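Here's the structure, in structure tokens; my notes come after.
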Amino acid sequence: MNILMIGSGGREHALIKKLLESPKCTKLYCAPGNGGISRDAETVNIGVMDKEAMVKFAKENAIDLAFVAPDDPLAAGMVDAFEKAGIRAFGPNANAAIIEASKVFSKNLMKKYNIPTAKYEVFDSADKAIEYVKAENTVPVVVKADGLALGKGVIIAQTIDEAVSAIKSIMEDKQFGDSGNNIVIEEFLTGPEVSVLAFTDGKCVKPMVSSKDHKRAYDNDEGLNTGGMGTISPNPYYTDEIDDVCMETIFKPTIEAMNKEGRPFKGCLYFGLMITPNGPKVIEYNARFGDPEAQVVLPRLKTDLVDICEAVIDEKLSEIDIEWYNGAAACVVMASGGYPVSYKKGIEMFGLDNNGQVDGAIVYHAGTKYENGKFYTNGGRVLGVTARAETLDEALNKAYAAVDKIKFEGAHFRHDIGKTK
Ligand code: AMP
Ligand code: GLY
């Protein structure tokens with residue numbers, strides 16, 4: 001099969017490495033990809049939002065399967081565009097990807113179908129929102145931009161003043177552009193966070209092994225929120241008992257709710273959960289694999305990913321048995337100095353072999369460039385250094401040993417992945 005991956009980060013590199021294990025995959029392209037991906041697949045210089053060019057490329061190169069990995073092209077209807085051209089594509093249609101692209105939609109969906117989530121109100125004017133937080137006078141309070149905001153559209157305000165300035169910067173100063181035309185103000189929940197990715201064909205839902213993301217930039221969960229500084233799988237807080245509760249109260253009801261709304265979801269649905277004292281609740285949905293969750297979940301997947309993609313597209317997911325490796329996986333993200341605020345690009349990297357790898361680990365490239373046999377940094381999150389082992393401690397030791405071998409000026413990573421709540 002000729003396969004086209006759409007995206008350019010560590011998640012896409014993890015998907016690519018897994019697809020390459022399939023005997024069905026004969027030719028793999030990635031648009032636009034990155035330096036590390038270029039060592040594993042043929043990279044194609046097409047932007048992730050360019051539907052027309054993507055479909056044209058897929059037709060000209062007899063693509064049998066297109067895999068749309070990032071949120072923006074999913075929300076913009078990239079899968080719809082492929083389907084219209086008769087090309088098989090993995091990922092939800094735009095009308096289902098809205099479960100991530102609009103928090104107003106997802107919150108209203110959960111309320112309508114009794115799916116446990118934080119209490120909330122929706123506002124389309126800053127004045128009304130400010131009036132509400134002042135009247136409620138409860139902190140912390142969570143302020144969320146409705147639309148996609150690179151994972152930065154959520155502010156946990158510790159004071160009413162902070163909530164007011166968050167509302168103003170989102171709704172009046174348009175910090176996240178049109179994503180802030182509406183906002184959700186919600187109750188602050190507490191408890192460990194768990195990420196559960198699930199394959200679904202709209203009929204059945206098959207959760208993958210659980211994982212845990214470390215979102216803050218610095219050790220001890222200090223500093224700004226990032227796209228994710230590291231992950232582990234499984235998540236130690238996600239017991240079999242909680243899994244059963246989630247299946248009955250969250251996973252199945254969400255799939256059914258989307259069907260009832262006439263928006264069947266096919267692809268990978270990401271449940272961002274919080275295990276609160278009152279049981280598991282949904283913090284957010286994503287319409288795609290998480291990044292860097294994919295980097296620890298996919299190395300544990302035993303079953304051929306191409307077979308799973310086909311089963312999802314053909315709505316035959318119930319017919320296939322998905323197997324996982326026992327043990328654990330850990331991913332440590334190496335980022336550019338200054339990330340997530342401002343950082344330099346184009347810094348030469350040392351310690352990687354010609355394929356961008358080091359012994360004892362799998363290095364997924366997120367923001368790198370490859371030129372004349374050398375790798376250079378090319379983004380905020382640069383690498384996801386990952387290891388799989390019998391135990392979490394072993395996986396962490398292997399991943400950190402590999403991190404020690406990789407050098408670039410300003411390199412920044414957390415030293416406590418897998419150690420914090
Ligand atoms: P999101 O982009 O919706 O995943 O939110 C980013 C992060 O903000 C989450 O991973 C949580 O750590 C935190 N968060 C979001 N909503 C809440 C909430 N209602 N209560 C507590 N923390 C939250
Ligand atoms: N790691 C969280 C996300 O992919 O949104």
Side-chain angles (χ1 to χ4, degrees), residues 7 9-12 14-15 69-72 74-75 97 99-107 110 116-121 133 136 138-158 163 166 170 176 179-180 183-197 208 210-217 221-233 235 237 268-278 280-298 331 333 335 340 364 366 380-381 384 417 420-421:
R11 162 185 57 204
E12 287 76 7
L15 286 162
D71 48 2
D72 283 318
L74 288 168
I99 197 167
E100 170 172 9
S102 168
K103 292 199 191 288
V104 173
F105 172 86
S106 67
K107 294 297 291 189
M110 288 186 271
T117 189
K119 289 201 198 76
Y120 73 101
E121 293 291 335
V133 294
E136 290 284 304
T138 316
V139 288
V141 59
V142 186
V143 180
K144 298 186 171 183
D146 174 39
L148 297 174
L150 296 168
K152 294 177 187 147
V154 174
I155 292 119
I156 298 177
Q158 302 293 341
I170 295 175
F176 307 112
S179 286
I183 56 169
V184 171
I185 296 190
E186 71 178 32
E187 170 198 15
F188 177 76
L189 299 176
T190 55
E193 283 184 60
V194 180
S195 304
V196 178
L197 318 181
M208 304 181 212
S210 65
S211 54
K212 172 174 172 50
D213 189 9
H214 295 67
K215 287 204 165 111
R216 298 296 192 106
D221 288 331
E222 284 168 15
L224 292 172
N225 256 330
T226 69
M229 291 300 293
T231 36
I232 54 169
S233 172
N235 186 314
Y237 296 96
C268 170
L269 183 54
Y270 167 130
F271 298 88
L273 308 172
M274 197 173 266
I275 314 302
T276 77
N278 299 316
K281 296 192 180 184
V282 178
I283 291 283
E284 65 159 352
Y285 295 109
N286 290 328
R288 50 171 176 86
F289 277 85
D291 187 340
E293 283 89 344
Q295 288 89 316
V296 285
V297 170
L298 290 168
C331 169
V333 169
Y364 297 122
R381 289 189 293 175
I417 298 304
T420 62
K421 212 169 158 198

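Every value quoted in this text rests on a predicted model; they were computed, and no experiment measured them. Counting convention: from 1, in listed order, for ligands and their atoms alike.
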Number the atoms of ligand 2 from 1 as they appear, then name those within less than 4.0 Å of a heavy atom of [X], with their elements.
X: R288; answer: 3 (C), 4 (O), 5 (O)
X: Y270; answer: 2 (C)
X: N286; answer: 3 (C), 5 (O)
X: D213; answer: 1 (N), 2 (C)
X: G290; answer: 4 (O)

Contact check: E284 vs ligand 2, nitrogen or oxygen atoms, below 3.5 angstrom: no
N or O pair under 3.5 Å between D291 and ligand 2: yes
Cationic N near anionic O, under 4.0 Å, E186 to K107: yes
Test applied, side-chain contact (heavy atoms from CB on, under 4.5 Å); reference residue, I283; option that passes from L189, V154, L273: L189
Matching residue for F289 among E12, R11, Q295 - test: side-chain contact (heavy atoms from CB on, under 4.5 Å): R11
Heavy-atom check, side chain of P277 versus side chain of T190, under 4.5 Å: yes
4.5 Å side-chain heavy-atom contact, I155 and I170: yes
Closest to atom 1 (N) of ligand 2 among E293, Q295, R11 (heavy-atom distance): E293
Region of T231 that comes within reach of ligand 2 [heavy atoms, distance under 4.0 Å]: neither
Report the distance from atom [atom1] of [X] to atom [atom2] of [Y], rounding to the nearest 0.5 Å.
X: M110; Y: Y285; atom1: CE; atom2: OH; answer: 5.0 Å
X: F188; Y: T276; atom1: CZ; atom2: OG1; answer: 12.0 Å
X: K215; Y: D221; atom1: NZ; atom2: CG; answer: 11.0 Å

G228 near ligand 2 by a heavy-atom separation under 4.0 Å: no
G272 touching ligand 2 at heavy-atom level, < 4.0 angstrom: no
Residues in the immediate environment of ligand 1 (any heavy atom closer than 4.0 angstrom): K103, A118, V142, K144, V154, I156, E186, E187, F188, L189, E193, K215, M274, I283, E284
Between D213 and T231: side-chain donor-acceptor atoms closer than 3.5 Å: no
Distance-only donor-acceptor check, side chains E293 and S211, under 3.5 Å: no
